[in-house]
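This report refers to the structure that appears directly beneath it.
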Amino acid sequence: AQSVAQPEDQVNVAEGNPLTVKCTYSVSGNPYLFWYVQYPNRGLQFLLKYITGDNLVKGSYGFEAEFNKSQTSFHLKKPSALVSDSALYFCALGGTDKLIFGTGTRLQVFP
Amino acid sequence: GAVVSQHPSWVICKSGTSVKIECRSLDFQATTMFWYRQFPKQSLMLMATSNEGSKATYEQGVEKDKFLINHASLTLSTLTVTSAHPEDSSFYICSAERGQDNSPLHFGNGTRLTVT
């Protein structure tokens with residue numbers, strides 16, 4: 001069965017430090033992976049996706065994600081966190097008729 | 001870029017009444033739209049897939065007679081919560097698929113429903 005997991009409910013990081021939000025997946029065949037961000041009382045905004053090609057994917061607002069097939073991971077990263085990056089982040093797995101979302105990770109960036 | 005508009009952004013209704021939520025794709029045609037429900041501090045739960053011109057496909061455990069979905073045009077899907085009860089209070093979000101499979105979904109800003 002296909003699944004996606006975000007092992008951390010919350011990630012805390014100081015402003016200016018690098019951040020990582022973890023995501024792992026399980027799928028038979030090639031994965032289609034996405035990251036979305038949700039601000040309070042808002043819908044989700046697309047950040048980036050991996051379909052094929054380079055393992056390092058660059059997205060919006062300076063975020064990037066690294067696809068690692070051997071570790072079945074697609075961690076979201078940013079070299080220098082901003083307070084305004086504080087939000088709820090969702091990893092999602094596509095490739096079927098519907099998107100499967102992880103449980104979300106709340107990122108808190110402290111000034 | 002593509003925009004999905006969801007209306008209303010919040011609504012308060014009395015128990016037993018019905019509430020309609022609209023989801024519009026503003027600059028593209030969406031043959032498929034999705035309706036999600038999100039509980040506090042939880043992930044999105046897919047309720048149903050709305051298909052233009054045909055019946056919606058409901059996820060297991062979602063009452064189709066309670067959550068009526070209509071996708072009458074390529075730019076509009078509606079979710080009607082019928083005979084609402086306090087336990088229906090939640091954040092409802094729609095999304096639309098533009099273009100090919102595995103293209104990113106575009107989400108509305110959600111509707112906060114409170115049933116008193």
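In what follows, chains are A, B, ... by sequence order, proteins preceding strands, each numbered from 1.
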Return the CG to OG distance between N41(A) and S9(B), rounded to the nearest 0.5 Å.
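Reported to 0.5 Å precision, the distance equals 9.0 Å.
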
Could you state the interatomic distance from CG (N109(B)) to CG (L44(A)), rounded to the nearest 0.5 Å?
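Going from CG on N109(B) over to CG on L44(A), the span is 10.5 Å.
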
Single-linkage hydrophobic cluster [X]~[Y], side-chain heavy atoms < 4.5 angstrom:
{"X": "F28(B)", "Y": "L74(B)", "result": "no"}
{"X": "M33(B)", "Y": "L68(B)", "result": "no"}
{"X": "L99(A)", "Y": "L46(B)", "result": "yes"}
{"X": "Y61(A)", "Y": "L19(A)", "result": "yes"}
{"X": "M45(B)", "Y": "I69(B)", "result": "yes"}

Got more than 12 heavy atoms from elsewhere within 6.0 Å of NZ, K20(B)?
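Check fails, neighbour count at 12 or below.
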
Heavy-atom neighbours of H85(B) NE2 exceed 12 at 6.0 Å:
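Enclosed.
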
How close do [X] and [Y] get, counting heavy atoms only, and between which atoms?
{"X": "Q38(A)", "Y": "F91(B)", "value": "NE2-CE2, 3.8 Å"}
{"X": "Q38(B)", "Y": "L88(A)", "value": "NE2-CD2, 4.1 Å"}
{"X": "S43(B)", "Y": "G102(A)", "value": "OG-O, 2.5 Å"}
{"X": "I93(B)", "Y": "R42(A)", "value": "CD1-O, 4.4 Å"}

Using a cut-off of under 4.5 Å on heavy-atom pairs, state which of T111(B), L105(B), T32(B) scores highest against chain A.
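Ranked by contacts with chain A, first place is L105(B).
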
Between D9(A) and chain B, which part of the residue has a heavy atom less than 4.5 Å away: side chain, backbone, both or neither?
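Neither part.
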
Can you confirm whether or not the ring centre of Y36(A) sits under 6.0 Å from the ring centre of F107(B)?
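Between F107(B) and Y36(A), which both carry aromatic rings, the centre distance is below 6.0 Å.
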
